[in-house]
Amino acid sequence: MPLFWEFFTFELRFRFKSLSTYMYFLGWTIFSFLCVASESFGPIGSGNGKIVLNSAYANAFDNIFAGLFGIIVIAAIFGTSILRDFQRDTYQILFTQPISKFAYLGGRWAGSFVTTVFAFSGMMLGTFLGTFAPWADHTRIVPNHLWAYLQPFFSILVVQIFFIGSAFFAVAALTRKIFIVYLQGVALFMIYLIGITVFVATRSLERFWSSIFDPIGLILFNNVTRYWTVIEKNTLYVTLSPALFHGVFLYNRLLWMSVGLVALGTVWALFPMSVEALTARSQGRRAAKAKEQELAEAAPVRTPVGAGLPVVHQAFTSATTFAQYLSLSRLRMRNIFRDIPFWALVALIVAFGINNGYFAGRIAEQNVWPVTYLMVQAVEGSALLFLLLWRGFFRRSCSGASVTLISTAFMTLCPCASPRTGFRASRPSLWSNSFCSRSPCSSAL
Amino acid sequence: MALTITGLSKTYPNGVKALKNLSLSIGNSMFGLVGPNGAGKSSLMRTVATLQDPDSGSITLDGIDVLRQKDQVRRILGYLPQEFGVYPKISALDMLNHLAVMKGMTSSGERKETIDALLQQTNLWDVRKKALSTYSGGMKQRFGIAQALLGNPRLIIVDEPTAGLDPAERNRFLNLLSSLGNDRTVILSTHIVDDVRQLCPRMAIIASGELLLEGAPNETLAALKGKIWSKVVATGEEVSKIEAQFHVISTHLVGGQHEIRVYAESAPGDGFVNVESDLEDVYFLNLSQQSKRGLPN
């Protein structure tokens with residue numbers, strides 16, 4: 001148990017030293033703040049104008065949307081926690097210590113869980129702060145009740161974090177591949193959106209099973225509150241009572257918590273606490289490389305006998321500047337196209353494009369002509385969010401930090417040590433970075 | 001404390017034979033293991049450090065079966081891997097504290113005392129609160145030895161500890177290793193022969209997963225006395241000519257010219273002078289003899 005506690009507290013210390021934890025928290029705070037403080041933001045704010053913005057019902061819907069958009073955040077926190085030792089090459093030091101599987105996996109998982117719950121708790125703070133915004137529509141804001149915040153948060157988001165986090169943790173631990181970490185988040189997001197689109201298109205009147213099997217809750221909550229009046233929406237809670245709409249909310253939570261438990265059980269049963277099993281492929285590669293080196297060294301040690309290098313001519317003209325520009329652009333594009341988060345975002349945007357494109361031709365469940373202004377709205381809806389995400393990711397890669405590989409950091413140093421003509425050679429690289437990272441974003445939309 | 005390795009063999013899934021029926025006995029002192037990159041040193045070290053299992057063979061450490069009682073070994077083991085990474089934003093102090101708990105040091109007082117002493121000993125006290133990711137190569141290596149000494153281990157394995165260190169750092173590191181005392185088993189794996197000469201009363205040379213030589217450095221040197229000959233030539237062609245005629249062990253550049261060292265029972269001819277043999281000659285001679293026999297795979 002002391003070892004579990006050590007892994008758990010170390011994970012928390014590690015996470016709370018990381019800026020991203022606070023950025024996630026801030027992101028959710030701003031999101032929920034705007035849901036209350038802005039009349040045209042969020043699922044409730046932009047909907048029926050008589051619904052109270054800080055009611056349990058509104059908070060529940062905001063939380064469901066946070067749970068949907070937050071899939072990738074959950075994947076990033078849970079997935080990386082178990083991959084860290086293999087990415088950072090610390091596993092050799094760790095796995096030569098007398099540690100138990102329970103302490104290692106349990107501590108990492110529990111630390112990630114608490115961190116993610118903290119990050120999403122920004123939802124409660126943001127809503128609370130939003131109710132004090134002087135410009136907000138105060139006819140739609142009622143006195144704050146703690147339970148109206150806590151009940152939706154625990155019954156929706158904490159459960160979401162538990163089961164999605166556990167599933168992502170299990171997949172990351174068993175595959176030990178970073179791209180899977182991002183891919184699984186995007187995949188779940190896409191499958192869910194496409195699933196909803198397909199389900200809505202069938203115009204099915206089935207409400208019971210579709211509510212229970214809904215992993216995110218959009219269909220579930222629509223079904224449960226479908227016939228609620230405005231007053232009911234402003235006062236009632238979506239509770240876990242078996243009497244509420246045949247108990248679908250209770251059964252849904254039980255089902256998905258069980259999925260989380262099964263995921264934890266699977267990782268417990270299948271994760272090998274052996275470096276040899278965990279790194280079989282890289283060990284073989286390392287040994288083969290070492291073998292090549294040995295064969296090269298087996299010959300008597302010789303001083304190098306110099307060989308002549310071909311003669312070259314250097315030119316520093318405007319053509320050189322352009323060639324430098326092209327070369328740096330190529331290098332930067334190659335780096336970005338090899339970035340896993342880049343492709344994760346592209347996939348995310350494509351999913352959004354498909355979904356929004358479909359709904360552009362439907363207003364209030366009626367088919368309409370998808371005229372230009374509807375298509376523009378469909379694209380505009382999520383474009384800003386993604387452009388901000390994009391900017392966040394690739395601004396960091398411009399400065400050579402994180403996201404992209406260490407080689408990026410190293411390579412950014414190289415142009416600075418090379419002769420340049422006209423203007424700073426690092427400029428073209430920034431331009432090309434900005435251009436080539438954003439253009440797929442636009443085309444995907 | 002004695003470590004006995006018997007008939008160790010290891011073939012990786014991609015067919016590379018890293019260890020071939022290797023047997024070795026290591027006593028209660030510092031033991032040097034030399035060999036070129038890829039000789040199987042790291043595979044051997046990783047096996048003793050409980051990170052991987054051999055296909056066959058056994059390892060015992062004072063009655064403990066290393067291959068089966070891994071947790072027992074890990075309690076008394078200090079391991080500095082050849083390459084290791086660190087977590088970002090975590091200081092040496094935090095990381096040592098984390099690892100100390102894993103080593104079973106649950107008393108916070110004792111832990112603090114040990115960690116403070118280790119940070120002083122490894123000259124990291126002033127930077128103990130700085131993030132490990134900002135450390136230089138030498139500082140990181142010293143942190144590596146500090147973590148390997150947590151919990152007063154009786155078996156210490158250091159794998160290529162001086163690779164990539166500048167001369168001053170290397171010297172400091174070797175001093176630190178030599179101060180570990182004689183009451184424990186220390187295995188120093190390296191491809192820098194000089195490290196072994198300075199530190200180890202016993203040594204072994206391995207190449208291609210096989211043991212080529214085991215003994216005390218002084219004894220192995222005595223066997224070569226009067227058999228190493230040196231000649232300085234100016235061009236690469238001359239080097240090639242001598243290589244074709246004699247058993248060349250190594251060539252070095254000295255002031256822009258090639259110094260050739262040859263192994264011969266008697267004077268090989270014109271221009272050769274008899275020189276004092278050093279441990280590097282022992283090493284290169286063994287390697288070249290093995291490569292002449294052909295590298296079985």
Side-chain angles (χ1 to χ4, degrees), chain A residues 2-3 5-7 9-11 13-19 84-100 103-104 273-281 283-307 401-402, chain B residues 12-16 18 35-40 42-43 46 49-53 70-72 74-75 77 79-81 83-90 94 98-99 101-104 106 144 147-148 191 207-208 235-236 239-240 243 248-253 258-259 284 287-288 290-291 295:
Chain A
L3 213 48
W5 185 250
E6 175 59 26
F7 270 104
T9 51
F10 186 82
E11 185 65 25
R13 281 200 299 277
F14 181 80
R15 288 293 181 181
F16 283 95
K17 279 187 178 179
S18 164
L19 185 65
R84 192 178 309 128
D85 291 316
F86 305 97
Q87 280 186 295
R88 300 273 169 197
D89 209 7
T90 46
Y91 66 91
Q92 298 185 88
I93 288 179
L94 231 61
F95 282 77
T96 45
Q97 313 295 338
I99 53 173
S100 69
Y104 181 67
M273 281 298 281
S274 137
V275 166
E276 189 155 29
L278 291 169
T279 62
R281 217 168 304 154
Q283 267 186 34
R285 268 203 307 271
R286 198 169 36 223
K289 195 175 153 206
K291 196 85 202 165
E292 277 174 31
Q293 285 178 336
E294 188 193 21
L295 290 173
E297 282 188 29
V301 176
R302 289 201 46 174
T303 49
V305 178
S402 183
Chain B
Y12 286 108
N14 62 357
V16 173
N37 290 330
S42 284
S43 291
R46 288 163 66 85
T50 72
L51 284 173
Q52 66 183 38
D53 290 323
K70 288 183 179 165
D71 243 34
Q72 299 252 39
R74 287 170 185 169
R75 287 175 196 174
L77 168 74
Y79 177 52
L80 171 59
E83 287 168 358
F84 67 96
V86 292
Y87 299 142
K89 293 190 179 144
I90 293 291
D94 281 346
H98 185 45
L99 293 167
V101 177
M102 288 185 215
K103 270 280 185 274
T106 44
Q147 65 79 27
H191 67 279
S208 235
T235 64
V239 175
S240 306
E243 259 180 358
V248 173
I249 312 174
S250 62
T251 71
H252 300 276
L253 275 178
H258 308 272
E259 188 213 343
F284 286 133
L287 286 190
S288 63
Q290 198 215 23
S291 79
L295 283 169

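A, B, ... follow the sequence lines: proteins, then strands. Residue 1 opens every chain. The figures here come from the full heavy-atom set of this structure, side chains too, leaving out hydrogens, waters and symmetry mates. None of the values given here were measured: they were computed from a predicted structure.
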Chemist: For A/Q97 versus B/R74, what's the shortest heavy-atom pair and its separation?
Modeler: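 Shortest heavy-atom contact: O-CD, 3.5 Å.
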Chemist: Looking at A/Q87, A/R84, A/R13, which makes the most heavy-atom pairs under 4.5 Å with chain B?
Modeler: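 That would be A/R84.
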Chemist: Find the one option among B/L80, B/L77, B/L99 whose heavy-atom pairs under 4.5 Å with chain A are most numerous.
Modeler: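 The residue among B/L80, B/L77, B/L99 with the greatest pair count is B/L99.
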Chemist: According to salt bridge (Lys or Arg N to Asp or Glu O under 4.0 Å), who are the partners of A/K17, at least two apart in sequence or on a separate chain?
Modeler: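 A/K17: salt bridge (Lys or Arg N to Asp or Glu O under 4.0 Å) contacts with B/D94.
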Chemist: Going from CG on B/L51 to CZ on A/F95, what distance comes out if it is rounded to the nearest 0.5 angstrom?
Modeler: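 Between atom CG of B/L51 and atom CZ of A/F95 there are 9.5 Å.
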Chemist: Taking the side chain as every heavy atom from C-beta outward, state whether B/M102 and A/Y104 have any atom pair closer than 4.5 Å.
Modeler: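 Of all side-chain heavy-atom pairs linking A/Y104 with B/M102, none is under 4.5 Å.
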Chemist: List for me each residue that meets side chain to side chain donor-acceptor pair (under 3.5 Å) alongside B/T235, sequence neighbours excluded, and say none if there are none.
Modeler: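 Applying side chain to side chain donor-acceptor pair (under 3.5 Å) to B/T235 gives B/E238.
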Chemist: At a 4.5 Å cut-off on heavy atoms, which part of B/V86 comes close to chain A: side chain, backbone, both, or neither?
Modeler: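 Contact with chain A: backbone only.
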Chemist: Who among B/F84, B/Y87, B/Y79 has the most heavy-atom pairs with chain A under 4.5 Å?
Modeler: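 Greatest number of close heavy-atom pairs with chain A: B/Y87.
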Chemist: Looking only at heavy atoms and a cut-off of under 4.5 Å, which of B/G85, B/P81, B/S42, B/G104 has the most pairs with chain A?
Modeler: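 When all of B/G85, B/P81, B/S42, B/G104 are compared, B/G85 has the most.
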Chemist: With a 4.5 angstrom heavy-atom cut-off, is it the side chain or the backbone of A/S274 that approaches chain B, or both, or neither?
Modeler: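 Contact with chain B: none, neither part.
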